[in-house]
Amino acid sequence: MREFSESYLNRTREGMWDDSRRALEPLALESRDRILDVGCGTGELSRVLAAESPGDVIGCDADPGLLAAASEYVPTVAGDALRLPFPDDAFDLVVCQALLINLPDPAAAVAEFARVSTDLVAAVEPDNAAVEIDSSVDDEDRLERRARQAYLEGVDTDVTLGADTSEAFEAAELELLETRQYDHVRTVEPPYTESALAAARRKATGDGLADDRETMLAGELTEGEYDDLRGSWREMGRAVIEQMRDREYRREEVVPFYVTVGRVP
Ligand SMILES: C[S@@+](CC[C@H](N)C(=O)[O-])C[C@H]1O[C@@H](n2cnc3c(N)ncnc32)[C@H](O)[C@@H]1O
C-alpha cells in the first residue's frame with residue numbers, strides 16, 4: 001500500500017473545498033443519514049462532509065497513524081477499502097477522495113463501496129497528468145513537468161484517473177448520475193505560510209524529489225537523468241527561496257479533481 005505522511009496531506013489539501021463546494025452538490029449532503037469516507041487519511045474531506053451534512057460521518061483508512069489525525073473531526077475505524085469492516089447497507093453515502101488513484105483495481109473498491117451503501121457512491125479523484133503550474137521562477141514549471149512525467153511513467157496505478165473514474169463505476173454496475181470538475185487552486189504569495197516555506201526548503205534540499213526517486217526510476221528515467229534532474233531541481237529551489245526573501249515569489253498550481261457520483265441499483 002502506498003503510504004502518505006500527515007504533512008504531505010496537510011500541504012496538498014491546503015484550502016481544498018474552502019472557496020467552493022458546488023462540485024459536492026450531487027452528493028445531496030443535506031439529506032444524508034450515514035456517510036462513510038474511505039481512505040480518509042487525515043480527514044481533509046471528512047471534516048467538509050461533517051460540516052455540510054446533518055448525518056453521521058465515519059472515516060476509514062488502512063493507516064492508523066493518519067486516522068489519529070482524522071479522529072479530531074469524525075469517529076474513525078481502521079480498515080481496508082477492499083474489505084470494509086461494515087455490514088451490507090450500513091451507509092446511505094460512501095465516498096472517497098484521492099483513494100482510487102492509489103489502488104490497482106479501482107472498480108473492485110467501488111463494488112465494495114456499493115455493498116455497504118443503500119443509495120449513493122461517490123469518488124473525488126484528480127487527473128495528475130493535467131496539473132498546471134504558473135511560477136515566478138522560470139524553471140519551476142518545466143522541471144515539475146519533467147518530474148511529473150517521470151513519476152507517471154513509473155507509477156503502477158492510474159494516477160490520472162480523473163473523469164475516467166466513471167469507468168470503474170460502470171464496471172461495478174452502478175447507475176452513473178454525474179461527473180463534476182473541481183479545480184483545486186493552490187496559491188503561494190506573500191506573506192508566505194509556514195507550509196509554503198517548508199515546501200521551498202524541500203525543493204532546495206531535493207528531499208521532495210527524493211521521496212519519488214524509486215517510482216521515477218521504475219519508469220524510463222535513468223539514474224544519471226535523475227541525478228541531473230535533482231541538481232537542477234535544487235538550483236530551482238534556491239531561486240524560490242531567494243525570491244521569497246525579496247517577497248517576489250508567486251506560484252499558482254491548479255489540480256483538476258473530478259467528482260463522480262453513482263447510485264446503487
Ligand atoms: C492520497 S491519500 C488521500 C487521503 C484523503 N482522502 C485526502 O484526500 O486527503 C490516500 C489515502 O488512502 C489510504 N489507503 C490507501 N490504500 C488503502 C486501502 N486499501 N484501504 C484503505 N485505505 C487506503 C492511505 O492510507 C491514504 O490515507
Side-chain angles (χ1 to χ4, degrees), residues 1-18 21 23-24 27 29 35-52 57-86 90-91 93-117 121-129 131 148 151-152 155-162 165 168 172 181-186 195 208 211-212 215 253 255-260:
M1 186 184 88
R2 201 166 293 151
E3 291 189 358
F4 297 87
S5 69
E6 196 175 331
S7 63
Y8 168 84
L9 291 176
N10 290 341
R11 187 172 68 246
T12 53
R13 299 292 177 265
E14 203 171 35
M16 191 164 179
W17 301 117
D18 281 359
R21 294 180 178 178
L24 295 177
L27 276 59
L29 292 170
I35 301 173
L36 179 66
D37 179 9
V38 187
C40 66
T42 51
E44 299 296 326
L45 178 66
S46 315
R47 66 186 168 83
V48 174
L49 300 171
E52 298 289 321
V57 179
I58 295 182
C60 177
D61 201 284
D63 183 333
L66 297 179
L67 279 182
S71 60
E72 252 187 63
Y73 310 117
V74 295
T76 59
V77 175
D80 182 351
L82 295 163
R83 279 176 307 161
L84 290 168
F86 302 101
F91 301 91
L93 167 65
V94 178
V95 57
C96 68
Q97 176 172 284
L99 168 71
L100 301 181
I101 55 164
N102 295 298
L103 301 179
D105 186 355
V110 173
E112 177 64 353
F113 297 178
R115 178 186 69 76
V116 300
S117 177
V121 171
V124 182
E125 298 294 331
D127 176 355
N128 284 312
V131 174
R148 200 174 317 117
Y151 182 85
L152 293 176
V155 74
D156 58 1
T157 64
D158 186 359
V159 297
T160 68
L161 207 53
T165 304
Q181 184 172 348
Y182 168 76
D183 285 341
H184 177 32
V185 182
R186 287 166 62 209
S195 89
D211 287 349
D212 293 330
T215 305
E253 178 184 87
V255 183
F257 280 80
Y258 293 84
V259 180
T260 306

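Whatever order the structure lists them in is the order used to number ligands and atoms, beginning at 1.
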Taking only distance into account, with no hydrogens and no angle test, what donor-acceptor pairs under 3.5 Å do side-chain atoms of residues 60-79 form with protein atoms, sequence neighbours excluded?
residue: Asp61; atom: OD1; partner: Asp63; partner atom: N; Å: 2.8
residue: Asp61; atom: OD2; partner: Cys40; partner atom: N; Å: 3.3
residue: Asp61; atom: OD2; partner: Gly41; partner atom: N; Å: 2.8
residue: Asp63; atom: OD1; partner: Gly65; partner atom: N; Å: 2.9
residue: Asp63; atom: OD1; partner: Leu66; partner atom: N; Å: 3.3
residue: Ser71; atom: OG; partner: Leu67; partner atom: O; Å: 3.4
residue: Ser71; atom: OG; partner: Ala68; partner atom: O; Å: 2.7

Practice task
Spell out, as yes or no, whether a donor-acceptor pair under 3.5 Å connects the side chain of Asp127 to the backbone of Pro256.
Solution key: no
Problem - Any donor-acceptor N/O pair, Thr157 side chain to Ile101 backbone, under 3.5 Å - result: yes
Donor-acceptor contacts, no H, no angles, side chain residues 6-13, under 3.5 Å, sequence neighbours left out:
residue: Ser7; atom: OG; partner: Ser5; partner atom: OG; Å: 3.3
residue: Asn10; atom: ND2; partner: Glu6; partner atom: O; Å: 3.4
residue: Thr12; atom: OG1; partner: Tyr8; partner atom: O; Å: 2.8

Exercise for the section: Could you please provide the protein residues found below 4.0 Å of ligand 1 on a heavy-atom basis, arranged by chain and number? Expected result: Met1, Phe4, Leu9, Arg13, Gly39, Cys40, Gly41, Glu44, Asp61, Ala62, Asp63, Leu66, Gly79, Asp80, Ala81, Gln97, Ala98, Leu99, Asn102, Leu103
Exercise for the section: Would you mind listing every side chain to side chain donor-acceptor pair (under 3.5 Å) that reaches into residues 96-105, with sequence neighbours excluded? Expected result: Arg2-Asn102, Trp17-Gln97
Problem - Flag, side chain of Ser117 to backbone of Ala114, donor-acceptor distance under 3.5 Å - result: no
